[in-house]
Amino acid sequence: MQKSAVYREITTDLLNWYQRHARILPWRTEAQQNKVDPYRVWLSEIMLQQTTTAHAAPYYLKFVERWPTVEALAAAQEADVMAEWAGLGYYSRARNLIKCAKEVVASGGEFPDNEQGLLALPGIGRYTAAAIVAIAFGKRAVVVDANVERVVSRLFAIETPLPASRPIIAEETDKLTPDLAAGDFAQAMMDIGATICVNRQPTCAICPMMPHCEGQKTGNPAAFPIKAPKKIRPTRIGYAFIVTSKDQILLIRRPDKGLLGGMRALPSSEWLDQSKITTTASDAETEQQAIKEAFPSFPAQAQKKLMTLAWEKQGHIEHIFTHFALELRIFSAETTSDMIEGEYWPIDEIDLAGLPTVFKKAVKKYLKQTRKA
DNA sequence: GATCCGTGGTC
DNA sequence: TGACCAAGGAT
């Protein structure tokens with residue numbers, strides 16, 4: 001058999017499989033009724049970046065209910081969007097989501113139907129641009145995500161490790177991608193990757209591509225894709241401060257850029273690498289310094305008041321980020337809202353504040369410490 | 001190319 | 001139980 005014929009056969013088998021086994025997902029409902037809304041495809045693709053379908057689904061449903069159109073999203077209060085995103089992670093996605101919606105509305109309210117136009121929008125990269133073109137507009141595009149990387153690496157038993165193998169993977173995916181139904185093909189590949197050709201123990205016996213899979217023939221398909229070794233994760237230490245006034249907690253808003261950017265948060269010090277902490281300073285000195293860092297924009301007078309509050313140690317929580325682990329030490333103090341000004345949030349409604357998980361954990365720890373009696 | 005950027009599930 | 005991973009993008 002000619003090589004090109006093998007590619008065609010793989011593609012056909014996959015598309016036939018997809019007809020029978022496509023997963024039912026919230027953002028697919030419209031597509032399965034031939035009513036594709038580029039806004040919804042875009043929203044789902046942004047949410048699905050490095051995020052499981054199970055985690056993204058409830059957020060997607062909340063978003064489309066609250067903001068059914070790109071115009072509605074563009075007109076939303078940014079703080080509301082950030083708060084709805086809380087818990088999904090990678091918060092630059094939410095900031096770029098808002099920016100992107102505004103740009104689309106400003107230029108007429110329609111998403112571009114080509115990769116070049118989509119790539120120019122914030123938060124849309126190679127993968128997302130191709131996915132939107134194929135799924136929302138029904139045009140041919142070569143869609144490569146982590147699923148496709150894994151499936152293709154196994155299908156052709158690619159020995160080159162990631163990420164160096166990406167050009168090879170893209171080339172092979174291009175050969176497999178049909179002119180028609182590129183969107184179905186991409187989603188079929190992702191479904192295969194998510195349900196059959198999974199990371200650890202692929203169930204090759206039920207895979208429609210098994211007859212053509214070189215990785216399966218090696219006897220150890222799970223060995224692919226071969227990956228470069230990862231770096232170790234350092235530990236950082238930081239201080240978070242719970243300033244209460246009656247039954248309310250003082251919250252701040254983090255700077256737009258960087259970690260947890262734009263999110264509501266507890267005031268906290270810089271998070272320093274464990275190895276870089278000066279061990280000569282006393283605990284008291286370290287805590288004073290941490291307070292200064294946690295309230296940088298506060299007037300000097302307010303900072304002085306903060307220093308003199310009766311701080312109580314509430315233990316610490318641990319949290320794992322992508323590239324470091326954090327030990328966050330928690331201190332609390334009672335004050336009055338006119339003594340230390342800022343946004344105070346009722347403790348009983350703290351879940352509505354849209355706090356990232358690390359700060360939710362800290363508040364929970366504080367409540368456990370102070371209300372256990 | 002390498003690094004930064006969350007979270008929850010899995011084994 | 002710690003390490004790995006999931007529909008990646010920006011710099």
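Note that the coordinates shown come from a computational prediction; the quantities given were computed from them, not determined experimentally. A note on names: the letters A, B, ... follow the listed sequences, proteins ahead of strands, and every chain is numbered from 1.
Note: CG (A:L118) to P (C:dG8) measures 17 Å, nearest angstrom. Going from atom CD1 of A:I169 over to atom P of C:dA7 covers 14 Å, rounded to whole Å. Distance A:R126 CZ to B:dG1 P: 11 Å, rounded to the nearest Å. Remark: P of C:dG8 and CH2 of A:W42 are 17 Å apart, rounded to the nearest angstrom. Here the C1' atom of nucleotide C:dG8 and the CG atom of A:L121 are 16 Å apart, to the nearest Å. As a whole-Å value, the separation of A:L119 CG from C:dG9 P is 9 Å. Distance A:Y60 OH to C:dA7 C1': 14 Å, rounded to the nearest Å. The CG atom of A:N96 sits 8 Å away from the C1' atom of C:dG9 (whole-angstrom rounding).
Using modelled atom types and a 3.5 Å distance limit, the side chains of A:E45 and A:Y127 yield a donor-acceptor pair. Side-chain contact check for A:N147 and A:R150: at least one donor-acceptor pair (N or O, by modelled atom type) lies under 3.5 Å. With hydrogens and angles left out, the side-chain atoms of A:E172 and A:Y7 include a donor and acceptor closer than 3.5 Å.
At the heavy-atom level, A:A56 lies nowhere under 4.0 Å from the strands shown. Counting non-hydrogen atoms under 4.0 angstrom, A:S44 reaches nothing in the nucleic acid.
For the atom pair CZ of A:R233 and CG of A:L326, the computed distance is 12.0 Å after rounding to the nearest 0.5 Å.
Each of A:R166 and A:H323 lies near DNA chain B, and the nucleotide nearest A:R166 is the one positioned closer to the 5' end.
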Q | Worked check of ring pair (Phe, Tyr, Trp, His ring centres under 6.0 Å) between A:F321 and A:F324 | A | CA-CA 5 Å; A:F321 292 94; A:F324 67 91; 4.9 Å; yes
**Q.** Intermediate values then yes/no, ring pair (Phe, Tyr, Trp, His ring centres under 6.0 Å), A:F241 and A:W311
**A.** CA-CA 9 Å; A:F241 299 95; A:W311 292 103; 5.1 Å; yes
Q.
At under 4.0 Å between heavy atoms, how does the protein contact nucleotides 6-11 of chain B? Give one character per nucleotide, 5' to 3', with B, S or -.
A. BBS--B
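Across the C1' atoms, C:dT11 and B:dG1 are found 12 Å apart, a figure rounded to whole Å. When the C1' atom is compared between B:dA2 and C:dA7, the two are found 23 Å apart, to the nearest whole Å. Here the separation of C:dC4 from B:dG6, taken at their C1' atoms, is 15 Å to the nearest Å.
Counted within 6.0 Å of NZ on A:K217, heavy atoms from surrounding residues, nucleotides or ligands total more than 12; the atom is thus considered enclosed. Within 6.0 Å of NZ on A:K99 lie no more than 12 heavy atoms contributed by other residues, nucleotides or ligands. Atom NZ of A:K62 is surrounded by more than 12 heavy atoms from other residues, nucleotides or ligands within 6.0 Å.
Using a cutoff of 4.0 Å between basic side-chain nitrogens and carboxylate oxygens, A:R264 and A:E343 are scored as salt-bridged. The existence of a salt bridge linking A:R140 and A:D174 is confirmed by a sub-4.0 Å separation between a basic side-chain nitrogen and an acidic carboxylate oxygen.
For A:Y59 and A:W85, the ring centers sit 6.0 Å or farther from each other.
Applying a 4.0 Å cut-off to non-hydrogen atoms, the residues of residues 138-153 of chain A that approach DNA chain C are A:D145, A:A146, A:N147, A:R150, listed by residue number. Near DNA chain C, defined here as any heavy-atom distance below 4.0 Å, the residues from residues 223-236 of chain A are A:K227, A:K230, listed numerically.
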